[in-house]
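Here the structure comes first, spelled out in structure tokens, and everything after it is commentary.
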Amino acid sequence: MKKILIATEKPFAKEAIDLIKAVFTNAGYAVTFLEKYIQKSQLLEAVVDCDAIIIRSDIADKEVIAAAKNLKIIVRAGAGFNNIDLDSCTANNVVAMNTPGQNSNAVAELALGMMVYSARGLFDGSTGSELKNKTLGIHAYGNVGRLVASIAKGFGMKVYAYDPFLSHEDIEKDGVIAIDSAEELYKNCQYVSLHIPANASTNKSIGFNLLNSMPKNATLVNTARMEVINENELLKIMEQRTDFKYVSDVAPICAKIFAEKYQGRFYFTPKKMGAQTAEANINAGVAAAEQIVDFLENGNIKYKVN
Ligand code: 3PG
């Protein structure tokens with residue numbers, strides 16, 4: 001009997017778990033759960049005899065992949081897969097997949113929610129501002145970026161997007177203004193919402209020059225990854241521009257400095273909240289389960305990322 005491990009330090013909602021279990025039970029597989037684990041050793045122990053693993057932001061590094069001696073497939077129930085050591089997967093004949101698009105709406109709604117929260121002075125009772133007629137730059141126009149654009153247009157924002165992998169036509173058909181470079185995007189937009197993946201070419205790529213070119217009363221919204229921010233340069237902006245705000249889904253490494261020096265100009269979620277809705281858990285969790293069954297039974301590698 002095939003053994004499946006669901007290793008989620010941040011567990012799925014109960015409704016999602018029931019549906020995930022049903023997919024595997026119908027396929028005749030055995031499922032075990034490792035939830036809210038604290039030590040990496042617990043994960044290393046749990047992976048030993050499993051054929052497939054579902055994770056979220058859990059770290060599947062070289063050691064984890066090496067410890068999973070029977071592993072054939074690991075699926076990141078979500079979009080970003082920078083938490084999986086893809087080279088180790090390939091070296092060990094393990095297929096790695098993600099579930100693109102499945103939790104995008106939850107992330108997009110959070111991005112807009114954080115914009116409102118920032119515009120209204122973190123709900124501290126002071127007079128804030130509205131999003132209507134403000135400029136919003138979407139940095140990377142993928143599954144989440146597109147949904148952010150659509151919701152932001154409902155707010156009456158003027159929406160711009162930059163994506164080096166898309167044509168102007170792909171972007172402009174949604175009534176969004178296509179921009180040719182990141183520099184131009186930041187220069188034009190009071191709000192910038194980040195949707196770039198974390199990888200070798202994007203890590204620390206958001207720094208002083210881009211942020212400093214943003215118009216007065218700028219807000220950077222990061223529901224992507226903290227790794228893409230150059231934190232030293234972000235701190236320099238926070239110091240030099242008292243009109244600059246940063247809201248992020250998970251705290252940066254330098255969060256303590258923000259707390260000491262920039263009260264009222266930042267908000268960080270205590271835990272990554274972007275995909276924390278029942279709907280997103282169900283969509284991404286069930287897609288991950290179905291992709292595993294389809295791979296193990298039929299060899300389907302549609303969402304392979306390694
Ligand atoms: C993703 O990449 O899909 C999101 O960042 C969600 O991450 P999570 O599953 O850890 O909440």
Side-chain angles (χ1 to χ4, degrees), residues 4-17 19-20 33-38 40 43 52-61 64 74-86 89 96-114 138-148 151 163 193-200 202-203 206 220-229 247-253 267-292 302-306:
I4 315 297
L5 172 71
I6 321 288
T8 48
E9 183 274 321
K10 187 175 62 187
F12 290 121
K14 180 168 181 330
E15 306 95 295
I17 289 172
L19 292 166
I20 294 166
F33 286 82
L34 175 70
E35 294 177 325
K36 295 184 181 171
Y37 60 96
I38 298 158
K40 183 178 173 182
L43 179 60
I53 307 175
I54 294 178
I55 54 170
R56 295 184 65 179
S57 289
D58 308 76
I59 308 294
D61 62 10
V64 172
I74 180 162
V75 181
R76 193 279 189 247
F81 47 87
N82 58 312
N83 51 325
I84 304 179
D85 185 328
L86 296 182
C89 288
M97 292 188 187
N98 67 347
T99 64
Q102 298 291 347
N103 58 19
S104 305
N105 189 65
V107 181
E109 286 189 11
L110 184 76
L112 265 296
M114 290 179 98
I138 298 187
H139 193 166
Y141 200 66
N143 290 317
V144 182
R146 257 167 234 273
L147 289 162
V148 170
I151 303 169
D163 193 314
S193 190
L194 287 172
H195 302 292
I196 51 178
N199 57 42
T202 61
N203 283 347
I206 309 303
L220 178 67
V221 184
N222 184 4
T223 55
R225 287 291 183 274
M226 84 176 183
E227 291 86 347
V228 302
I229 304 286
V247 285
S248 173
D249 188 15
V250 309
I253 294 161
Y267 175 74
F268 306 136
T269 51
K271 220 174 177 54
K272 187 130 68 86
M273 291 295 296
Q276 272 303 62
T277 65
E279 293 88 340
N281 286 178
I282 291 169
N283 292 342
V286 171
E290 285 173 346
Q291 285 172 215
I292 286 174
K302 182 167 176 200
Y303 295 104
K304 186 171 183 266
V305 292
N306 64 327

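Ligands are counted one by one from 1 in listed order, and the atoms in each one are counted from 1 as well. If you're wondering where the values come from, they're calculated on a predicted model, not measured in any experiment.
Looking at ligand 1, you'll find an N or O of G80 within less than 3.5 Å of one of its N or O atoms. Looking at ligand 1, you'll find an N or O of A79 within less than 3.5 Å of one of its N or O atoms.
Minimum heavy-atom separation, I74 to C89: CG2-SG, 4.0 Å.
Side chains of R76 and S57: a donor-acceptor N/O pair is present below 3.5 angstrom, by distance only.
For atom 10 (O) of ligand 1, the nearest protein heavy atom (residue, atom name, distance) is S57 OG, 2.5 Å.
Close approach of ligand 1 to A275 (heavy-atom distance below 4.0 Å) involves ligand atoms 6 (C), 11 (O). Which parts of ligand 1 touch G78 is read off a 4.0 Å heavy-atom cut-off, strictly below it: atoms 3 (O). The R76 neighbourhood of ligand 1 comprises atoms 1 (C), 2 (O), 3 (O), 4 (C), 5 (O), 6 (C), 7 (O), 8 (P), 9 (O), 10 (O), with distances under 4.0 Å to a heavy atom of that residue.
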side-chain hydrogen bond (donor to acceptor under 3.5 Å, both in side chains) evaluation trace for E109 with N105: CA-CA 6 Å; E109 286 189 11; N105 189 65; 2.9 Å; yes
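Heavy atoms of K10 approach ligand 1 to within less than 4.0 angstrom. For Q102, the heavy-atom gap to ligand 1 stays at 4.0 angstrom or more.
Between K272, E9, R225, R56, it is K272 that holds the heavy atom closest to atom 7 (O) of ligand 1.
Using a cutoff of 4.0 Å between basic side-chain nitrogens and carboxylate oxygens, K40 and E9 are not scored as salt-bridged.
The side chain of N103, and not its backbone, has at least one atom closer than 4.0 Å to an atom of ligand 1 (non-hydrogen atoms only; side chain from C-beta on).
The distance from the CE atom of M114 to the CE atom of M273 is 9.5 Å, given to the nearest 0.5 Å. Once rounded to the nearest 0.5 Å, the distance linking OH of Y141 with CG of L147 reads 8.5 Å.
For N306 (side chain) and A96 (main-chain N/O), a donor-acceptor pair under 3.5 Å exists by modelled atom type.
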